[in-house]
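As the structure is a computational prediction, the values presented were derived from the model and not from experiment. Just so it is clear: chains get the letters A, B, ... in the order the sequence lines come, proteins before strands, and each one is counted from 1.
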Number of protein chains: 2
Amino acid sequence: MSARNPKRRSEAASPKRPVVNRASAGKGGVREARSAERRDAILAAALEEFAANGFAGTRLDDIAQRAKIAKGTIYLYFADKETLFQELLRAMFAPIVRALEHIPKSDMPTRDILERMIGLFVQEVLGTRRKDVIRLIIAEGPRFPKLAEFHYREVLSRVMAAMSALMARAIARGEVKNQAYAKFPQLLAAPGLVAVIWSGLFERFAPLDVAAMMRAHLDIVFGERKTP
Amino acid sequence: MSARNPKRRSEAASPKRPVVNRASAGKGGVREARSAERRDAILAAALEEFAANGFAGTRLDDIAQRAKIAKGTIYLYFADKETLFQELLRAMFAPIVRALEHIPKSDMPTRDILERMIGLFVQEVLGTRRKDVIRLIIAEGPRFPKLAEFHYREVLSRVMAAMSALMARAIARGEVKNQAYAKFPQLLAAPGLVAVIWSGLFERFAPLDVAAMMRAHLDIVFGERKTP
DNA sequence: ATAATATGACTGACTGGTCAGTCAGTAAAT
DNA sequence: ATTTACTGACTGACCAGTCAGTCATATTAT
C-alpha cells in the first residue's frame, strides 16, 4: 500500500507474465531459470531493504537497484509492495517450521532435543536475517492483520503446539517438574524472543551471551545440572 | 524526517513560540494553561497515530486533526516529526521507571516485591497504550539509534540492574536457588516481553492469560508453591 | 474602566521533494 | 517472425515542513 488508500489502478492485480508461465516445468528452461533467479534476487534485495527500513520506509526503487533490475520488473513478479512484503515474510519461515517439526520425535532425552532446537534457532534465526524478519512481524503485524494471522496459523500455533506436546511428555517422564511449561509453552520460548530483540536493539550497548543464557534457561527448566 | 534526506530549511530547529514563554510560571496563565493543554493534546493524538501506524506511516495532518488543531501548531511545540516521536516515547516511560524504582526496597519477601512489580506492569503497561509504545521501540529502534540508546540508558539498564540486584539478594537469602537470575535478569523479564507482544499481535487468535502465566513464572523462579 | 496598541499563538493553503505503480518501447528467446 | 521479458521515464497522489495572515490575549494610555 502506498501509505494511504492506494490500490490506485490495478484491481486485484496479480503478476501475469513470468512465473514460469505454462506447465512446461521440466526442460527448455533458459527463461525459467532466469525467471527463478530474478525472483530470488528480488526477494533477497527486498529482505535487506525491509529489514533495514521497515515496510513504509522502504522504496521499491532501492529494492530494484539492489537486485540490479528495473523497478517495473518487480511488478512482473509481485502484484504490489504489500504482496512482495508478505510473500517475503512467508517464504522466510517455511523452512524453519519444517526443520523444527522434523527434529527427531525420537525418545532422545528432552533436554537434548531442546538443545538441538536452540542450536537451530541460534544458527538459523539469530545468525541470519531471520531475526530481523521476526522484528518486522512484530513491528508491522498490527498494520497487516493478514500477516499476523498467517504467522499465527502457520508458525506460532504449530511451534507452540509442538513445544507443549514436548513438555507434556517430559513432565510425564519425570524429566521436568513444573507442569506450567505444558500449559504455557511461551515460558519456554520467552528467552528466545528476548534474544532476538536484544540482539537487534541493544547488542552494541550491552552484548548478550545468548548461548550462556539459553543454557541457564535449560538448567532452570530441567532443574540444575552443571554441565562443566 | 520526510522519508529521505529532509531537514529542508530549518537548521537545528527547535520550537520557539509557546512552551510557557518566559519565566512567569505562577500567575496570569490563561495562555500558559492553554499551552500545556495543547501540548498534551498533541502528544495524546500522536500516541494514537504512531501506535496505530508506526513512524513512517503516520501523517502529521492526522495528528493535527485528532488533536483538533492546525498542522502548523504542532511545529510551535515540536521541532519536527522525529522530535515529536522521540519526546513522546520518552515521556511515556519516565513515570514507569520512577514507579519501578520506588517499589519498596524493604525486606519484604522477594516474591511479594516481584508480585507488586508484575501488578504494576500489567496495569500500567499491558493495560495502557504503553504496550504499544514498547512495540514501537522494538519496531523503530534500529532506525533511530538515538532512541534505542536512550531507552537502553534510561530504562532498560536501570530496570535490569534493579532486577539483578533484587535477585542477588534473593539468592543470598536462600529465597531463590538458581544463580542464573542474577546474571541474566533477562530470564526474569522475558515473560513480560512475551506478554506485550502476544497481546499486541495474537490476542485475538489465542487469548493469553497473562496473570496466570506470570504466576506460573514466579512459581518456577521461587520453586513451586501452589498458592490456592 | 475603556479604548488603543502590541504581542505572540494559531491557522491552513502552499511548496517542493518523494515514491508506488504504469506502460510504450526495446531486447531477447523461441 | 513472433512471443515474452524487461526497462525506465512518467504520472499523479502524497505529505513534511513553511509562512503570511488572522485572531485572542496582554499591556499601556486615556
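A straight line from CD1 of B/Ile42 to C1' of C/dC10 spans 11 Å, rounded to a whole angstrom. Atom CD in B/Glu82 sits roughly 13 Å away from atom C1' in D/dA16 (whole-Å rounding). Rounded to whole angstrom, the span from the CG atom of A/Asp62 across to the P atom of C/dC19 amounts to 8 Å. Atoms CD (A/Glu49) and C1' (C/dC19) sit 14 Å apart, rounded to a whole Å. With rounding to whole Å, A/Lys81 atom NZ is found 15 Å from C/dT18 atom P. The distance between atom CD1 of A/Ile74 and atom P of C/dA20, rounded to the nearest whole Å, is 9 Å. In this structure, the CG atom of A/Asn53 is 14 Å from the C1' atom of C/dC19, given to the nearest Å. Atom CZ in B/Phe85 sits roughly 16 Å away from atom C1' in D/dA16 (whole-Å rounding).
When the side chain to side chain donor-acceptor pair (under 3.5 Å) test is applied to A/Arg129, the partners found at least two apart in sequence or on another chain are A/Glu48, A/Asp132. Listed by chain and residue number, A/Tyr152, B/Trp198 satisfy the side-chain contact (heavy atoms from CB on, under 4.5 Å) test with B/Ala206 (two or more places apart in sequence, or in another chain). Residues satisfying the ring-ring contact (aromatic ring centres under 6.0 Å, His included) criterion with B/Phe85, sequence neighbours excluded, are B/Phe50, B/Phe55, B/Phe144.
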Filtered N/O pairs between nucleotides 11-14 of chain C and protein, under 3.5 Å:
residue : atom : partner : partner atom : Å
C/dT11  : OP2  : B/Ala70 : N            : 2.9
C/dT11  : OP2  : B/Thr73 : OG1          : 2.6

Treat a base pair as Watson-Crick or G-U wobble with both distances under 3.5 Å, then lay out DNA chain C in dot-bracket form, 5' to 3', with | for cross-strand pairs. ||||||||||||||||||||||||||||||
Would you sort out whether B/Asn53 and B/Asp62 count as a side-chain contact (heavy atoms from CB on, under 4.5 Å), showing the intermediate values? CA-CA 11 Å; B/Asn53 308 115; B/Asp62 284 351; 5.6 Å; no
Donor-acceptor contacts, no H, no angles, side chain residues 64-74 of chain B, under 3.5 Å, sequence neighbours left out:
residue : atom : partner : partner atom : Å
B/Arg66 : NE   : B/Glu49 : OE2          : 2.9
B/Arg66 : NH2  : B/Glu49 : OE2          : 3.2
B/Thr73 : OG1  : B/Ala70 : O            : 3.4

Tell me which donor-acceptor pairs under 3.5 Å the side chains of residues 180-194 of chain B have, and how far apart each pair is, sequence neighbours excluded?
none

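Contact annotation: B/Tyr77 side-chain N/O to C/dA9 OP1/OP2 distance is not under 4.0 Å. Close to D/dC19, at under 4.0 Å from its OP1 or OP2, lies no side-chain N or O of B/Tyr75.
Figure legend: B/Arg90 and B/Phe150 shown as a cation-pi pair, the cationic atom lying under 6.0 angstrom from the six-membered ring centre and within 45 degrees of its axis.
Judged as a salt bridge (Lys or Arg N to Asp or Glu O under 4.0 Å), the pairs with a partner in residues 150-164 of chain B (not counting sequence neighbours) are, in order, B/Glu101-B/Arg158, B/Glu149-B/Arg153, B/Glu154-B/Arg158. Each salt bridge (Lys or Arg N to Asp or Glu O under 4.0 Å) pair with one or both residues in residues 186-210 of chain A, not counting sequence neighbours, would appear here, but there are none.
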